[in-house]
Amino acid sequence: MSSRAVTVEPAARVRGRVQLPGDKSISHRYALLGALATGTTTIDGYSTGGDCASTLRCLSGLGAVIDRQPSPAGTGLYVTITGCGLGGLLAPAGPLDAGNSGSTMRMLSGLLAAHPFTTVIGGDESLSRRPMRRVIVPLEQMGARIASVDGRPPLQITGTRDLRPIAYTTEVPSAQVKSAILLAGLHAQGTTSVTEAIATRDHTERALETFGVAVHRSGTTVSVSGGHHLTARQLTVPGDISSAAFWMVAAAALPGSEVTIEGVGLNPSRTGIIDVLRRMGADIEVTPTVFTSAEPIGTIRVRHGGFAVTEITPEEVPGVIDELPVLAALASLGGELIVSGAAELRVKESDRITSLADGLRRLGASIDERPDGFHVRGGRLTGGTADALGDHRLAMAFSIAALGASGPSTIEDAGAAAVSYPEFFTILDSLRA
Ligand code: S3P
């Protein structure tokens with residue numbers, strides 16, 4: 001499936017309304033906390049992506065009872081999870097498979113650190129290349145033992161009921177690392193805190209509060225105390241703004257376009273894309289609607305408004321980390337985009353600086369690679385063949401760039417999109433106008 005090549009024809013414009021499946025980051029967290037809670041949690045609008053299925057698969061292997069159906073509301077899945085209670089996960093019968101999902105592996109490591117058995121957790125070829133020392137170091141300081149070869153998956157985690165609380169300052173801003181430590185800290189005696197140089201997305205903090213756990217925040221430090229039991233909840237996941245980003249960029253790129261995205265998550269730690277797109281020239285209207293399960297939700301309407309020269313600073317990078325490939329796609333069609341302080345892109349599902357530059361160049365773009373970012377100069381794309389190299393966000397970013405090219409493009413490995421957005425190509429065709 002993931003090796004599927006897709007031909008993307010140019011589009012004059014895109015127009016229409018889009019409803020998105022649930023946010024990937026929030027889906028992972030609701031599932032993880034549901035598995036720790038006492039009672040049955042329901043999650044409506046759960047992400048349909050392969051990554052969030054990996055989290056459910058691992059949690060089933062650890063004793064949570066999980067059922068999934070199509071959502072009655074029509075977007076995403078309706079998941080029920082009967083949790084094992086705090087510290088109550090069971091030793092799995094065999095190794096756990098996190099698939100392509102770094103979030104699953106890193107955040108689950110925080111839970112496994114607190115359970116007194118040994119688990120092996122591995123993943124696919126891409127995940128097996130990704131750095132895990134960033135969770136191994138703090139979780140070992142808390143008392144877990146974690147074996148790996150060179151800090152890469154698979155990890156063999158031996159947890160303990162006697163985790164020590166720590167006060168930890170992360171080396172790279174990472175919501176996954178922050179979350180792994182906080183999830184372990186739920187099981188430690190005393191207060192565990194995490195300090196970040198730049199604040200990252202706060203879905204774990206909000207989700208913990210929703211499940212009844214007190215979270216203390218001071219500047220960029222977040223703390224939780226251990227030993228509080230979680231109560232099962234009825235939850236709704238907002239639409240994924242990182243998936244919305246593809247349609248926002250398509251509308252911003254093609255004159256005469258207008259796309260309205262409904263029910264999308266507007267957590268301020270994720271809305272950097274809106275600010276950057278406005279600076280790049282897009283005409284965007286945001287209407288907050290409801291506040292569900294501790295996450296703000298609203299409607300975003302995007303129209304093409306021209307192109308501008310824009311810079312994304314290192315401080316802004318964590319807030320748009322997953323959107324940088326599609327922002328580069330936009331800049332390849334007009335204006336100019338300079339990004340620095342984004343070396344983290346090199347350790348995502350692929351080296352998202354080299355493979356992004358390579359793929360966009362093959363479509364005709366002018367892009368210079370830098371050690372910690374890139375510089376794209378807009379122009380006329382010809383179309384061509386770009387390889388997503390198994391990376392979902394590259395598959396979708398190249399497809400959006402291809403809409404603005406003068407000729408057709410072939411996106412190799414386009415099936416990778418299913419990791420976060422299986423409906424992507426169907427929606428793409430429905431928006432052509
Ligand atoms: C995520 C955090 C980010 C992001 C990833 C999802 C999360 O990763 O790139 O797609 O759900 O916490 P890092 O924590 O590695 O920055």
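First listed ligand is number 1; within each ligand, the first listed atom is number 1.
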Report task. Inspect the contact between Asp202 and Lys178 and indicate whether a charged nitrogen and a carboxylate oxygen are less than 4.0 angstrom apart. Result -> no
Query - Test: Asp23 and Arg201 ion pair at under 4.0 Å - result: no
Query raised in the report: In ligand 1, which numbered atoms sit nearer than 4.0 Å to a non-hydrogen atom of Lys348?
Result: 3 (C), 4 (C), 8 (O), 9 (O), 13 (P), 15 (O), 16 (O)
Would you give me the side-chain donor-acceptor pairs under 3.5 Å for residues 238-250, sequence neighbours excluded?
{"unit_1": "Asp240", "atom_1": "OD1", "unit_2": "Ser242", "atom_2": "N", "d": "2.9"}
{"unit_1": "Asp240", "atom_1": "OD1", "unit_2": "Arg270", "atom_2": "NH2", "d": "3.2"}
{"unit_1": "Asp240", "atom_1": "OD2", "unit_2": "Lys24", "atom_2": "N", "d": "2.8"}
{"unit_1": "Ser242", "atom_1": "OG", "unit_2": "Arg270", "atom_2": "NH2", "d": "2.9"}
{"unit_1": "Ser242", "atom_1": "OG", "unit_2": "Glu323", "atom_2": "OE2", "d": "2.7"}
{"unit_1": "Trp247", "atom_1": "NE1", "unit_2": "Tyr421", "atom_2": "OH", "d": "2.9"}

Please list every donor-acceptor pair under 3.5 Å in which a side-chain atom of residues 165-172 meets a protein atom from a residue at least two apart or in another chain.
none

**Report entry** Structural part of Arg201 in contact with ligand 1, heavy atom criterion under 4.0 angstrom
**Finding:** side chain
Report summary line: Smallest heavy-atom separation, Arg130 atom then Val347 atom, equals NE-O, 3.2 Å
Query raised in the report: Taking NZ, NE, NH1 and NH2 as the nitrogens, is one of them in Arg17 or Glu262 under 4.0 Å from a carboxylate oxygen of the other?
Result: yes
Requested in this report: Please determine if Glu344 has a nitrogen or oxygen closer than 3.5 Å to a nitrogen or oxygen of ligand 1.
Outcome: no
Query raised in the report: In ligand 1, which numbered atoms sit nearer than 4.0 Å to a non-hydrogen atom of Asp322?
Result: 4 (C), 5 (C), 9 (O), 10 (O)
Query raised in the report: Which atoms of ligand 1 are found less than 4.0 Å from any heavy atom of Ala175?
Result: 12 (O), 14 (O)
Query raised in the report: Is the CZ atom of Arg362 crowded by more than 12 outside heavy atoms at less than 6.0 Å?
Result: no
Requested in this report: Determine whether any heavy atom of Arg106 lies closer than 4.0 Å to an atom of ligand 1.
Outcome: yes
Query raised in the report: Could a heavy atom of Met107 be found less than 4.0 Å from some atom of ligand 1?
Result: no
Query raised in the report: Which is it for His392 and ligand 1 at heavy atoms under 4.0 Å: side chain, backbone, both or neither?
Result: neither
Query raised in the report: Between Arg133 and Asp150, does at least one N-O distance fall below 4.0 Å, as a salt bridge requires?
Result: yes
Requested in this report: Give the minimum heavy-atom separation between Leu363 and Leu381, together with the two atoms involved.
Outcome: O-CB, 3.5 Å
Query - Considering all heavy atoms, the nearest Ala329-Ala401 contact - result: CB-CB, 3.8 Å
Query raised in the report: Should one rank Pro318, Ala180, Ser174 by closest heavy-atom distance to atom 13 (P) of ligand 1, which comes out on top?
Result: Ser174
**Report entry** Heavy atom of the protein closest to atom 11 (O) of ligand 1 (residue, atom name, distance)
**Finding:** Ser25 OG, 2.7 Å
Report summary line: Nearest heavy atom to atom 12 (O) of ligand 1, choosing from Lys24, Arg29, His28, Arg270, belongs to Arg29
Requested in this report: Number the atoms of ligand 1 from 1 as they appear, then name those within less than 4.0 Å of a heavy atom of Ile321, with their elements.
Outcome: 9 (O)
Query raised in the report: Does any N/O atom on Arg393 come nearer than 3.5 Å to any N/O atom on ligand 1?
Result: no
Report summary line: shortest atom 1 (C) of ligand 1-to-protein heavy-atom contact is with Gln176 NE2, 3.5 Å
Query - Arg134 N/O to ligand 1 N/O under 3.5 Å - result: no
